[in-house]
Amino acid sequence: MAETPSSPLDRRKFFGSASAAAAGAALSLSAASYANVAGSAERVRVAFLGCGGRAQAHIDLLNRFARDGKGVATVGVCDVWDGLEDEYDHEFGGRVSRRRYAQGLFPSAKKCGLDPADKARVTKDYRRVLDRKDVDAVCIVTPDHWHGKMTVDALTAGKDVYVEKPMTRTAEEATAVLDAWKRTGRVVTVGVQSMADPVWVRAFDHIRTGKIGHVAHAQTGFFRNDARGQWRFYRLTPSMTPRTIDWDLFLGHGFELNGQKVGPTPAEQPFDRAAFAQWRCYWPFSGGVFSDLLSHNVTHMLAAMGVRFPARVTAGGGVYLEYDGRDVPDVGGVLADYEEGCQLVVTASTITGYPVEEVIRGRLGAIKFVKGGFQVFRDDPTRGAAFPPRLERPPEPAEVVAAEPPRNDTEALWENFLDCVRAKRQGTFSPPDLGAAAVVTAAMAVQSYRSGSALFWDREKRLVAAADATWAERWEKRSRARGGANQVFGWSGGDAGSVLHPPAHQKLAGPWLGGKDPAG
């Protein structure tokens, strides 16, 4: 997208609006340093809110950081389930393997070297953790419906926050997090691992300097295929009972954010092991494919394109094969349109594994993301359609831009977060204003899918509204205002990077008003 008054793209837009200095510092990183950020040795004391499977990876990583003297310590854990530590036989695809399982409150306390009897550090109530003065930061790894409330409460309590994606479940929660982030000045990073890859910075720089012209279209997707049913592979155990799980705290119906309850009541959602351990399958806790899978791709594509909140979203899909009691669809598609004059097509399925290419298309070329960088394909609008609809062989790129990914993207994201916490710098690799834009896209997609309606995002009021005819009408009016015999002919753009060279016969176009030929 060209840099114009209506759609300014600068380096701040990639890294978040908190600090231009932070943006400049981040962009000065080389590919190698991007993957291995060096921070000071000042110790950051971290507590975990949520101790499920993903949290175990974070705990293992921070334990290794502590052993390696990287200035971090785990000082508290919180989970609504007592937990389980055992070994079991895992059978899938005709093979049986022996696996070790350790999740929940007390196994996580043990892993962190904490005393399980210390109720101030090992607790089912996250508020006890936030009350502690010796907690500098929290890692929120709960089900999605808790992300917003815990993040706002943590920021208000003076903690820095690493929150897993999606940043929140709803658009309203996302704006609440943004407001708290700006009000408190604390550091927040959203756990979109792909944002640790420098390829999105490189692509953004390529686009903002006009090398592929006005960006009008982009596509991305996420595909999985598992005979067990997506997210049903999360283990259910007999030890998950109302005696070991605080079901009221899990649901969150006693808590509110912006006047909205965090979750359903027990009458609305009775105790169910599947709802607890496989919560991504159910609307009260998750957006399914729209939030859990596509939030990764939407986040980094928005960053690379240099846009944020969509203006109009519509979504489709359905539960076409995974008839196992789930709410969320196994095929979902999103069409997001932006005021800057571009469209993002996002598609996902959990019943087929073949992917779509990740591509950003501009007037003068396209960027295709590949392992270790991206390829650039030139396009020439003066020669008509350059690429056939069915390619006999892959086209040859005109340029290949290398961007070495980090050795471990979660590790790189954590190193950047800890470095920002020590420096009191809000401009992380995956900031909350970018996270909020991804959440709004996903939340609008969920609402569109469930209601069957297209939706608008009101930027001024920061609210989702029902779509109407005005979107198409505005673009048509814009075209008519610039169209016609003498208005469009010779117009050389300046708006959204558009450059038109109409044929000479276009002088003959235009309405005959009062019987007068517009061409004279």
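Scope of the values below: all heavy atoms of this structure, side chains included, with no hydrogens, waters or symmetry mates. When a residue number appears, it is its place in the shown sequence, counting from 1.
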- Query: Going through the distances and angles, do E411 and R64 end up as a side-chain contact (heavy atoms from CB on, under 4.5 Å)?
  - Reply: CA-CA 10 Å; E411 180 177 345; R64 177 162 61 82; 3.0 Å; yes
- Would R186 and T151 count as having a side-chain donor-acceptor pair, cut-off 3.5 Å? no
- Any idea which heavy atoms bring Q230 and R224 closest together, and the distance? NE2-NH1, 2.7 Å
- Kindly compute the distance separating CD1 (I351) from CG (N225), expressed to the nearest 0.5 Å. 8.0 Å
- Which value, rounded to the nearest 0.5 Å, describes the distance between T352 atom OG1 and F223 atom CZ? 7.5 Å
- CD (E256) with more than 12 external heavy atoms under 6.0 Å: yes
- Task: Look only at the side chain of H147 and the backbone of P166, and say whether a donor-acceptor pair between them is shorter than 3.5 Å.
- Result: yes
- Query: Does the salt bridge (Lys or Arg N to Asp or Glu O under 4.0 Å) test come out yes or no for D144 and K165, once each step is laid out?
  - Reply: CA-CA 8 Å; D144 297 352; K165 61 81 200 166; over 6 Å; no
- Note on the structure: dist S239:OG -> E85:CD (nearest 0.5 Å) comes out at 12.0 Å
- Work out which heavy atom in C420 is nearest to a heavy atom in G427; give both atom names and the distance. SG-O, 3.9 Å
- Message: Once you measure the plane-to-plane angle for F48 and W414, does it fall in the parallel (<30°), tilted (30-60°) or perpendicular (>60°) bin?
- Response: tilted
- Message: Before you tell me yes or no, could you show the steps for I140 and Y126 under side-chain contact (heavy atoms from CB on, under 4.5 Å), namely the whole-Å CA-CA distance, both residues' side-chain angles and the distance that decides it to 0.1 Å?
- Response: CA-CA 10 Å; I140 300 173; Y126 76 99; over 6 Å; no
- Item | Within 6.0 Å of OH in Y354, more than 12 heavy atoms from elsewhere | no
- Query: Do the side chain of Q219 and the main chain of V345 share a donor and acceptor less than 3.5 angstrom apart?
  - Reply: no
- Query: Do the rings of F290 and W283 sit parallel, tilted or perpendicular, given the 30° and 60° boundaries?
  - Reply: parallel
- Item | Pairing of R474 and E339 as salt bridge, 4.0 angstrom limit | yes
- Message: Applying salt bridge (Lys or Arg N to Asp or Glu O under 4.0 Å) to R208 and D205, what does each step give before you reach the verdict?
- Response: CA-CA 5 Å; R208 77 181 185 86; D205 268 352; 2.8 Å; yes
- Is the closest side-chain donor-acceptor distance between D125 and T123 under 3.5 Å? no
- Message: Just checking F255 against W146, ring centres under 6.0 Å apart?
- Response: yes
- Task: Step through it carefully: locate the ring centre of F250, locate the ring centre of F285, and say whether they are under 6.0 Å apart.
- Result: yes
- Identify the two heavy atoms, one from V334 and one from A445, that lie closest to each other, and give their separation to 0.1 Å. CG2-CB, 3.7 Å
- Query: Which pair of non-hydrogen atoms, one from M305 and one from C342, has the smallest distance, and what is that distance?
  - Reply: CE-SG, 3.9 Å
- Task: Check the pair V190, L434 against side-chain contact (heavy atoms from CB on, under 4.5 Å), reporting the backbone distance first and the verdict last.
- Result: CA-CA 9 Å; V190 184; L434 179 58; over 6 Å; no
- Are any of the side-chain heavy atoms of K124 and L105 separated by less than 4.5 Å? yes
- Query: Parallel, tilted or perpendicular: which fits the ring planes of Y88 and Y101, with parallel below 30° and perpendicular above 60°?
  - Reply: perpendicular
- Going by the ring pair (Phe, Tyr, Trp, His ring centres under 6.0 Å) test, name the single residue among W471, Y338, F309 that passes it with W457. F309
- Do the side-chain N and O atoms of Y282 and D272 include a donor-acceptor pair separated by under 3.5 angstrom? no
- Task: Report the C-alpha distance between D153 and K159 in whole Å, list the side-chain angles of each, state the deciding distance to 0.1 Å, and finish with yes or no for salt bridge (Lys or Arg N to Asp or Glu O under 4.0 Å).
- Result: CA-CA 9 Å; D153 286 354; K159 315 301 182 188; over 6 Å; no
- Query: Can the ring centroids of H300 and F369 be said to lie less than 6.0 angstrom from one another?
  - Reply: no
- Query: Is there a donor-acceptor pair under 3.5 Å between the side chain of Q103 and the backbone N or O of G53?
  - Reply: yes
- Message: Testing the basics here: between C78 and V129, what is the closest heavy-atom pair and its distance to 0.1 Å?
- Response: CB-CG2, 4.2 Å
- Task: Just do the salt bridge (Lys or Arg N to Asp or Glu O under 4.0 Å) check on R228 and D324 with the steps written out, would you?
- Result: CA-CA 10 Å; R228 295 166 293 187; D324 60 1; over 6 Å; no
- Query: Is the ring centre of H58 less than 6.0 Å from the ring centre of F65?
  - Reply: no
- Query: Looking only at heavy atoms, what is the nearest atom pair of C112 and V77, with distance?
  - Reply: SG-CG1, 4.0 Å
